[in-house]
Amino acid sequence: MSAAAPRSIWSSRPAFILVTVGSAVGLGNIWRFSYMAGAQGGSAFVLVYLSCVALVGLPLLMAEILIGRRGRGNPISAMLKVAEENGASSWWGLLGWFGAVGALLILSYYSVVAGWIVDYLAQSVSGAAIVTARDAAQGFDALLENPSKLIFWHTVFLALTVGVVARGVISGIERASMLMLPALFGILLFLVLWGAVMGDMRAAWHFMFDFKPQQLTGQVVLSAMGHAFFSLSLGMGAIMTYGSYLNKQSSIAHNSLWIAFADTLVGLLAGLAIFSLTFAHGLEASSGPGLIFQTLPLVFTHMPGGRIIGTLFFLLVLFAAWTSAISLLEPFVAWATERLGMRRALAACGAGFAVWLLGVAVCLSFNVWRDWRIFDLNLFNQLDFLTNRIIMPLSGLAIALFAGFVMARENVRDEIRLPAAQFRLWLWTLRYVTILAIVLVFVYRLMNPES
Ligand code: PFF
């Protein structure tokens with residue numbers, strides 16, 4: 001280990017919460033959540049999602065922060081250190097690798113989708129009109145067919161991400177989140193109000209919150225649970241790394257409650273804003289991944305002030321994606337600076353370059369290399385499958401096992417510092433509910449790739 005400078009510590013508790021909410025709130029909340037809720041019947045999905053956050057997401061979020069803070073290092077050294085402290089095998093260090101490398105894999109395709117957002121933002125600013133549904137669909141298809149445009153926007157987005165991470169934990173990551181997150185919340189609230197005034201909020205509300213038990217299928221439960229993982233950034237070392245910069249006095253339980261609450265709130269508010277505008281124009285909410293790329297641009301073109309609203313919307317998604325992407329790059333960069341003694345800027349550029357290369361291949365998988373398929377999936381979907389359905393749940397499971405069974409109880413309690421009854425409730429949920437739920441989702445989703 002190099003003679004490293006003292007590790008950074010977030011400058012305040014709100015800073016930690018904002019930065020971590022920044023990681024959690026991302027494309028998942030706006031792009032994935034809205035189309036999944038829309039395509040899976042709305043309310044049933046939303047309600048199950050909320051229970052999954054409480055029973056699986058929250059306990060695991062606390063476990064990940066606790067390991068990071070206890071280990072005070074990047075995910076790899078944190079796992080090694082905490083394993084050693086608890087007399088466990090150094091093989092647990094592999095879990096840190098699993099997360100840090102998995103996070104880079106996610107970033108490679110996340111950055112491509114975020115690049116689409118930057119393209120749409122540029123179009124909104126320039127006031128490009130989308131007159132018919134056919135224009136909207138053709139516009140999106142044309143983007144996917146255009147490798148140089150995809151690669152260009154992917155490069156722009158990744159450069160933005162590398163730029164922030166290279167500047168450091170406090171002057172880069174914390175500063176960027178302190179600027180972007182309040183702006184994100186402000187824009188979101190404005191869009192919800194706009195949706196209430198100009199859209200069909202009542203229909204959106206009923207769609208999202210009416211309880212329709214017939215829609216509550218096993219598949220909805222499982223995909224909602226999978227989404228809770230993705231949305232809370234679990235299992236990829238991102239939260240662990242952020243936890244490692246948290247001061248010892250801050251309450252992990254309270255912080256986690258705030259993070260889970262804010263993440264869920266953003267998903268729900270974004271859903272209300274999106275659906276109220278979509279329904280007001282008599283459009284369907286169930287168009288799948290194209291919802292925000294095809295349906296919404298059409299809505300924006302046809303409503304008064306649509307150019308400004310469209311610009312604000314895509315700016316909101318850009319901020320959300322940017323702060324999440326930062327957290328996907330940070331675990332590996334933290335490792336390279338702490339373990340290899342590399343300069344942060346160099347580490348960020350090096351990791352960014354590897355991600356960029358893979359991202360270029362992802363861009364090509366929509367067009368030039370579209371016939372290169374495994375199990376009928378192109379590279380984009382393969383990476384999504386590998387990270388989302390295999391790496392994330394497996395590493396989440398390992399984290400839960402580690403904090404729940406491997407770590408000595410007094411070490412866990414020393415970090416979590418909850419009153420006895422609440423501590424027991426958390427540990428019990430983590431050990432028996434969270435673990436069981438992850439195993440169920442993992443097996444089911446692996447066997448039903450279309451779920
Ligand atoms: N939570 C992010 C989203 O909802 O878009 C995605 C994500 C970020 C997943 C960071 C995993 C991660 F480590």
Side-chain angles (χ1 to χ4, degrees), residues 18-37 49 52-53 56-57 60-61 64-65 67-68 74-75 95-117 157-158 161 164-165 173 177 180-181 184 188 223-244 256 259-260 262-271 289 292 316-335 351 355 383-384 386-396 399:
L18 270 192
V19 168
T20 314
V21 169
S23 168
V25 169
L27 292 174
N29 299 61
I30 302 164
W31 171 63
R32 227 191 257 259
F33 186 84
S34 57
Y35 87 71
M36 281 174 92
Y49 177 76
C52 294
V53 167
V56 183
L60 206 53
L61 188 64
E64 224 180 301
I65 299 176
I67 298 173
N74 60 80
L95 182 57
W97 275 111
F98 217 50
V101 173
L104 295 185
L105 294 180
I106 296 189
L107 184 55
S108 71
Y109 70 85
Y110 201 82
S111 161
V112 174
V113 179
W116 305 347
I117 301 289
F157 180 79
L158 205 54
T161 305
V164 172
V165 174
I173 303 177
S177 308
M180 279 193 265
L181 266 263
L184 183 152
L188 186 58
S223 62
M225 188 138 35
H227 180 66
F229 248 83
F230 186 84
S231 182
L232 286 173
S233 305
L234 295 171
M236 307 312 297
I239 298 291
M240 206 182 276
T241 311
Y242 280 7
S244 76
S256 301
I259 295 161
D263 183 58
T264 308
L265 189 70
V266 170
L268 295 176
L269 290 179
I292 71 168
L316 160 85
V317 191
L318 173 64
F319 286 164
W322 194 356
T323 46
S324 297
I326 290 167
S327 76
L328 287 164
L329 190 59
E330 176 60 17
F332 193 87
V333 170
W335 174 79
V355 169
L383 283 171
D384 184 38
L386 177 71
T387 49
N388 224 326
R389 303 208 175 203
I390 300 182
I391 300 185
M392 243 184 202
L394 279 188
S395 94
I399 288 170

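What you see is a predicted model; the values in this text were computed from it and never measured. One-based numbering, in listed order, for ligands and for the atoms of each.
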request  = Evaluate the side-chain proximity of L383 to S108: yes if any heavy-atom separation is below 4.5 Å, no if none is.
outcome  =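 A side-chain contact exists here, since the closest heavy-atom pair is under 4.5 Å.
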ask   = Given side chains that start at C-beta, do those of N29 and S231 come closer than 4.5 Å, heavy atoms only?
value =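 In short, these two side chains touch, coming nearer than 4.5 Å.
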Protein residue, atom and distance nearest to [atom], heavy-atom basis:
atom	answer
atom 5 (O) of ligand 1	Y110 OH, 2.6 Å
atom 7 (C) of ligand 1	S233 OG, 3.7 Å
atom 4 (O) of ligand 1	A24 O, 3.1 Å
atom 9 (C) of ligand 1	F230 O, 3.6 Å
atom 12 (C) of ligand 1	L328 CD2, 3.3 Å

Between [atom1] on residue [X] and [atom2] on residue [Y], distance to nearest 0.5 Å:
X	Y	atom1	atom2	answer
E64	T20	CD	OG1	10.5 Å
L60	I65	CG	CD1	10.5 Å
M240	L234	CE	CG	10.5 Å
T323	L18	OG1	CG	10.0 Å
L104	Y110	CG	OH	14.5 Å
F230	L27	CZ	CG	7.0 Å

Compute the shortest N/O to N/O distance between [X] and ligand 1 and return yes if it is under 3.5 Å, no if not.
X	value
A238	no
L234	no
S327	no
S324	no

request  = Could you verify whether a donor N or O on one side chain and an acceptor N or O on the other, from S233 and Y242, lie under 3.5 Å apart?
outcome  =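 No, no side-chain donor-acceptor contact under 3.5 Å.
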Backbone N/O of A320 and side chain of S324: donor-acceptor pair under 3.5 Å =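 Side chain of S324 to backbone of A320, a donor-acceptor pair under 3.5 Å: yes, one is there.
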Which of the numbered atoms in ligand 1 are below 4.0 angstrom from a heavy atom of [X]?
X	answer
L27	5 (O)
M236	11 (C), 13 (F)
M392	9 (C), 11 (C)
S23	1 (N), 2 (C), 8 (C), 10 (C)
S231	1 (N), 4 (O)
N29	4 (O)

